[in-house]
Protein chains: 2
Amino acid sequence: MAEGESVDMSKLLERFYERLSEAGLKSTRQREVIFETFFSLNRHISVDELLAEVRTTAPHVGYATVYRTLKLLVEHGFARPRHFDDGQTRYDPQDEDEHEHDHLICIDCRRVMEFDDEVVHARLGQIVRDFGDYDLTRRKIELYARCRIQDCPHRPQ
Amino acid sequence: MAEGESVDMSKLLERFYERLSEAGLKSTRQREVIFETFFSLNRHISVDELLAEVRTTAPHVGYATVYRTLKLLVEHGFARPRHFDDGQTRYDPQDEDEHEHDHLICIDCRRVMEFDDEVVHARLGQIVRDFGDYDLTRRKIELYARCRIQDCPHRPQ
DNA sequence: ATCCATGCAAATCATTTGCACTTAA
DNA sequence: TTAAGTGCAAATGATTTGCATGGAT
């Protein structure tokens with residue numbers, strides 16, 4: 001991690017531990033490693049991918065701990081689960097007051113790009129209103145596309 | 001089934017059997033029951049729900065047959081799979097030249113409503129173009145909402 | 001000291017597959 | 001006749017849970 005990120009990371013981790021403490025939960029080495037790995041990778045990641053990364057630092061960490069920690073992150077607003085069309089749940093870091101965003105997914109390389117468009121949101125809000133007395137809870141927009149450029153430039157690292 | 005539906009149903013079934021025949025596949029009693037049940041229910045249905053319905057007509061039909069038949073329906077353009085956020089794949093009847101549509105899902109009763117809005121599509125097309133040289137393959141929009149009316153009127157039957 | 005967290009393995013849930021048997025063409 | 005279809009049960013893959021042990025407060 002670069003210097004600039006480390007500052008954010010320790011603040012972020014501190015916030016996480018505060019929330020846990022408020023809930024009567026504990027700080028552990030595993031949670032720290034998983035948390036820092038998750039935020040330093042900073043992309044839509046699957047449990048397998050995250051576990052593999054975590055094990056380069058802490059080799060004996062089990063699947064269950066990663067699942068349990070991700071669930072904690074979600075419950076406390078540090079991550080969001082994403083269910084794309086490939087049967088793997090992926091997790092998306094969520095900054096404190098970051099707002100919901102949508103996705104463009106390359107079907108070749110699985111690269112995920114984010115967007116957030118007010119025109120679309122406004123129109124969808126109108127559509128919901130037209131349906132009647134509904135309270136919109138969540139909005140999910142996924143665009144699946146293929147890079148037309150030969151040899152897709154966005155290969156996963 | 002009402003009379004009007006029966007006519008469509010037999011035409012539809014005939015088309016299905018034609019496609020199967022072209023692919024060197026066979027017509028069977030199970031496929032007929034599953035097909036007709038699927039189209040007469042005509043809603044976003046899970047495998048469990050469909051199997052339960054099918055078994056009221058043909059009690060000994062197995063899970064595997066329903067899964068295999070739904071896969072056939074998808075491959076031949078008679079159904080579309082939907083992956084909502086509850087871990088169950090649901091299937092959506094697809095009429096011959098029906099176009100893609102989007103969904104508003106009640107998080108209480110799981111009722112699914114459909115919509116299809118040109119303003120949204122146009123704007124999303126623009127967003128993809130702004131990202132660069134992408135070829136849009138599929139678009140998925142899901143709105144999750146709660147009926148604000150006390151005692152949601154859209155309970156599944 | 002207490003209660004939460006961990007790691008492992010076993011359990012679960014949705015879906016798929018292998019196989020001996022049945023059936024449409 | 002013969003390739004494809006079926007039903008069952010076992011296999012798979014993702015995720016969850018039970019439990020004995022370890023660790024944070």
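Fair warning: this is a prediction, and the values are worked out from it, not measured in the lab. Each chain gets a letter, A, B and so on, in the order its sequence line appears, and its residues count up from 1.
Taking atom NE2 of A:His60 as the reference point, atom P of D:dG22 lies 13 Å away to the nearest angstrom. We find that CG of B:Leu51 is positioned 15 Å from C1' of C:dC13, with the value rounded to whole Å. One can place OH of A:Tyr63 at 14 Å from C1' of C:dG7, the figure rounded to the nearest angstrom. Across the protein-nucleic acid pair, B:Leu20 atom CG and D:dA4 atom C1' stand 11 Å apart, rounded to whole Å. Atom P of nucleotide C:dA5 and atom CD1 of A:Ile34 are separated by 12 Å, given to the nearest angstrom. Here D:dG5 presents its P atom at 15 Å from CG of B:Leu70, a figure rounded to the nearest Å. Distance B:His83 NE2 to C:dC13 P: 21 Å, rounded to the nearest Å. Computed from coordinates, the A:Glu32 CD to D:dA24 C1' distance equals 13 Å when rounded to whole Å.
A:Gln126 and A:Arg123 are not linked by any side-chain donor-acceptor pair at a separation below 3.5 angstrom, with hydrogens and angles left out of the test.
The side chain of A:Arg31 lies closest to C:dT6, out of C:dT16, D:dG7, C:dT6. Residue A:Val47 places its side chain closer to D:dT15 than to any other of D:dT6, D:dG18, D:dT15. The side chain of A:Thr65 has C:dT6 as its nearest neighbour among C:dT6, C:dA25, D:dG7. Considering only side-chain atoms of B:Lys26, the nucleotide from C:dA25, C:dT17, C:dG7 that sits closest is C:dA25. Distance from the side chain of A:Leu25 is smallest to C:dA5 among C:dA5, D:dT17, D:dC8.
In this structure, the side chains of B:Glu114 and B:His44 come closer than 4.5 Å at one or more pairs of heavy atoms.
A salt bridge links A:Asp92 with A:Arg82; the closest basic N to acidic carboxylate O contact falls under 4.0 Å.
In this pair, B:Phe39 and B:Phe35 present their aromatic rings tilted. The plane angle is within the 30 to 60° band.
B:Gln30 has a side-chain polar atom (N or O) that falls below the 4.0 Å cut-off from OP1 or OP2 of D:dG7. For B:Tyr67 and C:dT15, the shortest distance from a side-chain N or O to OP1 or OP2 is below 4.0 Å. OP1 or OP2 of C:dT15 has at least one side-chain nitrogen or oxygen of B:Thr89 nearer than 4.0 Å.
Following chains of ILVMFWY side-chain contacts shorter than 4.5 Å, one can reach B:Val33 starting from B:Tyr63, so the two form part of one hydrophobic cluster.
When each of B:Thr28 and B:Lys71 is assigned the nucleotide of DNA chain C bearing its nearest heavy atom, the one mapping closer to the 5' terminus is B:Lys71. Between B:Gln88 and B:Arg68, the residue anchored closer to the 5' end of DNA chain C is B:Gln88, taking for each the nucleotide with the nearest heavy atom.
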